[in-house]
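A quick write-up on the structure given underneath.
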Amino acid sequence: MHEHPHDHDGHSHGHSDPHPGVRPDADDTLSYYQVMEIAVRELLIEKGVLSADAIRREVEKMDARSPALGAQVIARAWIDPAFKAKLLERGNDALVDLGLERGPYRLVVVENTADVHNVVVCTLCSCYPRWLLGLPPDWYKSRNYRSRVVREPRAVLREFGLDLSERVTVRVHDSTANMRYLVLPARPAGTERWGEQQLAAVVTRDCMIGVAVPTASS
Amino acid sequence: MSAAATAAAVAARFRPGDRVKVRWADVPGHIRTPWYIRGHTGVIERLCGAYPNPEELAYTRSGLPAQPLYRVRFAQSQVWPDYVGSRADTIDVEIYQHWLDPA
């Protein structure tokens, strides 16, 4: 353990703090709730309710999920208009059609067009379509992203390298309750002759959160 | 959502397009209505179904009757007075019916 409770590097704002009262991320120390999780886990194992092996297997299952699942969904939507319509209307049912998990939450798919760009956040915690994208990236859980992308999304997107025209409407989706969100990016120009696999390869995790857009060269 | 939750759901008061105002309340507990959106007026984007109230679930109660949940769309320029961007930019937030009043 190191003794720098205020040294939360990577999350300094670089200018006078615009969010007074916002606590820094506490991912470098064992927090109260982390200690509690360990204590509860050890008790459950001790009492024979769960086994360490069962927990490890669940973690393994979680780690096996990756954004490749989501990319497969997006690529199919790009080549199959009927699938796309269903994905936008009844997201979970569309996943089942592809042989994927329906998922524990209702999926809301939001479509990027020439006029609209969507970006997803969970300001309250870190809600994320994990069954489709795997674990969220650390920045998605950071207080910096969560507090800033709702009030200055264009500035945050520029930091990700995405500079949007004023003619494009930016829609932020705050995942505060029972919905989980997937951004359906616009199909990049120059991919008209591509097959499904090749298309899926350019759909990155960030494109499906909405902080990036796919390109034919990526 | 379970059949039991559907049966024990509060009737939906709002429809897509309705203008609603988020209650301003400073209450303790497991609240899923973000602070920044309290007191703001928006438009119902869609009804998402009815779900057991998380404010009750957090304390191991049933959360029934289930509360209708909406996606409510707000104009960014109205939520943040110093917002930099297009007047058309929006923020959509999931809000339970008991946090909404007609506007």
Side-chain angles (χ1 to χ4, degrees), chain A residues 18-23 88-92 102-111 113 115-125 127 143 146-158 162-181 183 210, chain B residues 1-2 5-6 9 22 26 29-38 40 42-43 45-58 63 66-100:
Chain A
H19 335 290
V22 174
R23 288 173 298 162
L88 292 169
E89 192 68 31
R90 292 178 287 131
N92 303 77
R102 164 177 294 277
Y105 293 95
R106 185 156 152 191
L107 184 69
V108 174
V109 179
V110 287
E111 183 184 13
T113 64
D115 307 315
V116 174
H117 181 86
N118 296 282
V119 60
V120 180
V121 63
C122 172
T123 57
L124 298 178
C125 43
C127 296
R143 293 177 196 279
R146 287 158 50 209
S147 59
R148 291 181 56 228
V149 79
V150 283
R151 65 165 299 142
E152 46 175 357
R154 288 170 183 270
V156 171
L157 292 176
R158 264 196 303 278
L162 186 57
D163 199 354
L164 294 170
S165 150
E166 286 276 326
R167 291 192 304 277
V168 175
T169 297
V170 173
R171 296 203 193 290
V172 179
H173 302 273
D174 192 354
S175 186
T176 48
N178 299 65
M179 305 295 109
R180 295 295 179 269
Y181 295 87
V183 174
Chain B
M1 181 177 36
S2 72
T6 316
V22 184
D26 179 5
H30 182 69
I31 309 296
R32 302 301 301 182
T33 304
W35 188 270
Y36 70 84
I37 214 67
R38 297 182 196 179
H40 285 283
V43 171
E45 192 263 346
R46 74 178 79 170
L47 172 63
C48 302
Y51 296 87
N53 184 350
E55 294 161 30
E56 298 290 314
L57 284 180
Q67 280 290 336
L69 176 70
Y70 301 92
R71 275 167 44 78
V72 186
R73 181 162 290 175
F74 302 86
Q76 288 279 38
S77 57
Q78 286 177 22
V79 176
W80 317 105
D82 58 350
Y83 184 74
V84 176
S86 161
R87 302 279 303 173
D89 288 359
T90 59
I91 173 133
D92 291 8
V93 186
E94 291 162 47
I95 304 177
Y96 291 93
Q97 179 164 283
H98 64 288
W99 276 88
L100 297 173

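Residue numbering restarts at 1 for every chain, and letters A, B, ... go by the order of the sequence lines.
In this structure, chain A has no heavy atom under 4.5 Å from any part of Pro54(B). Within the 4.5 angstrom heavy-atom criterion, atoms from both the backbone and the side chain of Arg171(A) approach chain B. Heavy-atom distances place both the backbone and the side chain of Ser175(A) under 4.5 Å from chain B. Only the side chain of Tyr36(B) comes within contact range of chain A, with heavy atoms under 4.5 Å apart. Residue Val84(B) touches chain A through its backbone alone, counting heavy-atom pairs closer than 4.5 Å. Interface residue Ile31(B): only backbone heavy atoms are found under 4.5 Å from chain A. Looking at Val168(A), only its backbone comes within 4.5 Å of chain B, counting heavy atoms on both sides. Heavy-atom distances place the side chain of Thr123(A), and not its backbone, under 4.5 Å from chain B. Looking at Tyr181(A), only its side chain comes within 4.5 Å of chain B, counting heavy atoms on both sides. Contacts of Arg87(B) with chain A are absent, with no heavy-atom separation under 4.5 Å from either backbone or side chain. Residue Ile91(B) touches chain A through both its backbone and its side chain, counting heavy-atom pairs closer than 4.5 Å.
The shortest side-chain heavy-atom distance between Arg151(A) and Asp82(B) falls under the 4.5 Å cut-off. Residues Ile37(B) and Val79(B) form a side-chain contact, since some pair of their non-hydrogen atoms from C-beta on lies under 4.5 Å apart. Looking only at side-chain heavy atoms (C-beta outward), Val110(A) and Val108(A) come within less than 4.5 Å of each other. Cys48(B) places none of its side-chain heavy atoms less than 4.5 Å from the side chain of Asn178(A).
The shortest heavy-atom contact between Pro153(A) and Gln76(B) is CG-NE2, 4.0 Å. Here the shortest heavy-atom pairing between Ser86(B) and Arg154(A) reads CB-NH2, 3.6 Å. Here the closest non-hydrogen pair linking Ala58(B) and His30(B) is CB-CB, 3.4 Å.
Gln78(B) contributes no side-chain N or O that, together with a main-chain N or O of His40(B), makes up a donor-acceptor pair within less than 3.5 Å.
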